[in-house]
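One structure is given below, encoded as structure tokens.
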Amino acid sequence: MRFLISYPQTNWDYAKFRLNRIIKGKDKSNDVFTGSPGGKIQLLEQLEPMGKYRLLDEIYPTKPFGMEYVAGEGLYFLTGLPCCVDGAPGDEHILRLNDQGEIDLVIKHPLFSQLRSLRRTKNGLLITSSGIDAILEVDLQGEIIWSWFGTEQGYSTKYGGAERTIDRDFDHRTLCYPGRLQTTHLNSAIVDPYDASKILTILFYQGKVARIDRATLELDIVIEDLNGAHHIRPHSKGYMLSNSRKGETRIFDRNFKPLNTIAGTSPLFPVKWVQDTIELPSGSHLIADCNSFNLRERDQNDRERKFNTKMPNRIFQIEPVSDDYSFNELAHSHFTKN
């Protein structure tokens with residue numbers, strides 16, 4: 001099988017910045033990285049379960065986060081720099097790289113701020129705009145067709161303290177929103193694969209997964225006691241997410257009852273962080289063990305195959321693609337290594 005990996009930060013300056021925050025415990029600070037983070041998307045291949053991984057190719061968009069490959073349409077992904085100094089607008093946007101290597105879709109919007117996840121929906125694209133604590137669904141013309149704002153649904157207290165309101169008519173690309181100014185840090189949202197009338201999202205700061213009714217915007221908390229979670233995904237048994245700070249992947253049935261926990265990093269590693277996990281056709285799980293810079297495939301017998309991504313390449317997302325997927329010369333021409 002083939003799959004893509006997005007790396008939003010590939011420069012050493014960012015790695016040093018992040019390490020400094022971890023050491024000093026500055027999660028609630030106003031610190032914002034103002035340099036060039038780099039960025040790339042790699043294409044990897046594995047020919048058999050638990051077999052070796054082979055790096056086939058890579059392209060270099062700026063700071064790519066969430067992505068999804070849709071057969072017949074292409075690769076949708078988030079890219080661009082956020083605002084890091086008030087008044088200096090960011091340029092976060094959605095691109096579609098089609099199978100011919102053309103960029104045939106670009107979507108920008110004033111409500112795009114600290115974009116994290118992206119999923120194709122029946123009518124458009126569902127994204128998390130973490131900077132404004134919002135889930136946005138945009139059509140392919142770039143119009144907002146559905147939205148949910150945490151600040152309007154009971155989550156109005158900033159992580160760093162004080163109340164927050166969001167002006168829907170303001171251009172939020174012009175303001176910097178570090179974590180302490182956010183209320184939830186929504187970082188993942190999907191249409192519930194078993195009930196299309198619901199949206200599932202991760203409330204990062206609250207350590208919870210919420211299920212939102214599309215029609216009423218009301219929510220139910222369906223999973224609790226998480227620690228820095230990312231990437232809620234469908235799973236053959238129900239649902240799956242990465243419980244990042246615990247260094248683990250957690251699997252739930254369709255009623256959100258816990259079924260299994262898969263260790264994603266060494267128990268001896270001091271600062272754990274599992275960013276994403278996908279279920280492989282073999283039944284194994286491919287886990288992004290970010291802080292040790294490894295992909296780890298774990299099978300049902302707890303055997304492991306490891307691929308080192310090399311510092312400072314820190315994974316954000318793993319995305320399966322077709323077995324013949326490739327980046328042609330035209331696709332490469334759009335991006336310059338930074």
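Values in this document were obtained by computation on a predicted structure and should not be read as measured data. Start at 1 with the first residue, then count along the sequence. Only this structure's heavy atoms are used, side chains among them; waters, hydrogens and symmetry mates stay out.
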Mind running side chain to side chain donor-acceptor pair (under 3.5 Å) on Arg298 and Thr249 for me, showing each step along the way? CA-CA 11 Å; Arg298 291 268 170 87; Thr249 298; over 6 Å; no
Side chain to side chain donor-acceptor pair (under 3.5 Å) evaluation trace for Glu143 with Gln141: CA-CA 6 Å; Glu143 298 297 321; Gln141 288 71 51; over 6 Å; no
Is there a side-chain contact between Met67 and Tyr76, using heavy atoms and a 4.5 Å cut-off?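 Side chain of Met67 against side chain of Tyr76, heavy atoms only: no contact under 4.5 Å found.
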Measuring only between side-chain heavy atoms, which start at C-beta, is His109 closer than 4.5 Å to Ile94?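 No; the side chains remain at least 4.5 Å from each other.
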N-O pairing of [X] and [Y] below 4.0 Å:
| X | Y | answer |
| --- | --- | --- |
| Lys108 | Asp91 | yes |
| Arg296 | Glu304 | yes |
| Lys306 | Asp289 | no |

Thr157 side chain to Glu163 side chain, donor-acceptor N/O pair below 3.5 angstrom: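 Yes, because at least one side-chain N or O of Thr157 sits under 3.5 Å from a partner of the opposite role on Glu163.
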Exam field: side chain [X] to backbone [Y], donor-acceptor pair closer than 3.5 Å:
| X | Y | answer |
| --- | --- | --- |
| Thr277 | Ser242 | no |
| Asn11 | Asp13 | no |
| Arg164 | Leu181 | yes |
| Asn308 | Phe293 | yes |
| Asn328 | Leu330 | yes |

Which atom pair, heavy atoms only, marks the closest approach of Pro320 to Phe3? CA-CB, 3.9 Å
Heavy-atom pair of closest approach, residues Gly39 and Pro64: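 Closest approach of Gly39 to Pro64: CA-CD, 3.8 Å.
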Does the Lys NZ or Arg CZ of Arg314 fall within the cation-pi geometry relative to Tyr14 - under 6.0 Å from the ring centre and within 45° of the axis? no
Check the hydrophobic clustering (I, L, V, M, F, W, Y; side-chain heavy atoms under 4.5 Å; chains of links allowed) and say if [X] and [Y] are grouped together.
| X | Y | value |
| --- | --- | --- |
| Leu81 | Tyr177 | no |
| Ile166 | Val138 | yes |
| Leu126 | Val70 | no |
| Ile315 | Phe77 | no |
| Met50 | Tyr53 | no |

If you apply the rule side-chain contact (heavy atoms from CB on, under 4.5 Å), what do you find for Lys337 with Thr10, and how did you get there? CA-CA 10 Å; Lys337 188 174 183 178; Thr10 56; over 6 Å; no
Just do the side chain to side chain donor-acceptor pair (under 3.5 Å) check on Gln46 and Glu297 with the steps written out, would you? CA-CA 11 Å; Gln46 185 189 42; Glu297 180 182 359; 2.7 Å; yes
All side chain to side chain contact (heavy atoms under 4.5 Å, CB included) counterparts of Asp99, not counting sequence neighbours: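 With neighbours one apart ignored, the set is Tyr69, Tyr325.
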With sequence neighbours left out, what residues match Arg54 under side chain to side chain contact (heavy atoms under 4.5 Å, CB included)?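 Checked Arg54 against side chain to side chain contact (heavy atoms under 4.5 Å, CB included); matches are Glu45, Leu56.
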Please work out which of the three classes, parallel, tilted or perpendicular, describes the rings of [Y] and [X], given edges at 30° and 60°.
| X | Y | answer |
| --- | --- | --- |
| His185 | His230 | perpendicular |
| Tyr155 | Trp148 | tilted |
| His172 | Phe170 | perpendicular |
| Tyr194 | Tyr239 | perpendicular |

Under the side-chain contact (heavy atoms from CB on, under 4.5 Å) criterion, do Leu203 and Leu186 qualify, and how do the steps go? CA-CA 5 Å; Leu203 306 175; Leu186 299 165; 3.4 Å; yes
Can you spot which of Thr151, Asp133, Thr128 makes a side-chain hydrogen bond (donor to acceptor under 3.5 Å, both in side chains) with Thr184?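 Only one option passes, and that is Asp133.
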Evaluate the criterion side chain to side chain donor-acceptor pair (under 3.5 Å) for residue pair Tyr205 and Gln182; output intermediate values, then yes/no. CA-CA 9 Å; Tyr205 290 145; Gln182 300 170 28; 4.5 Å; no
Step-by-step salt bridge (charged side-chain N to carboxylate O under 4.0 Å, His left out) determination, Lys198 to Asp220: CA-CA 10 Å; Lys198 303 292 193 297; Asp220 295 315; over 6 Å; no
Does the side-chain contact (heavy atoms from CB on, under 4.5 Å) test come out yes or no for Arg305 and Lys52, once each step is laid out? CA-CA 7 Å; Arg305 165 69 72 174; Lys52 290 184 178 180; 3.6 Å; yes
Would you mind writing out the side-chain donor-acceptor pairs for residues 250-257 within the sub-3.5 Å range, not counting sequence neighbours?
residue: Asp253; atom: OD1; partner: Asn255; partner atom: N; Å: 2.8
residue: Asp253; atom: OD1; partner: Phe256; partner atom: N; Å: 3.0
residue: Asp253; atom: OD1; partner: Lys257; partner atom: N; Å: 2.8

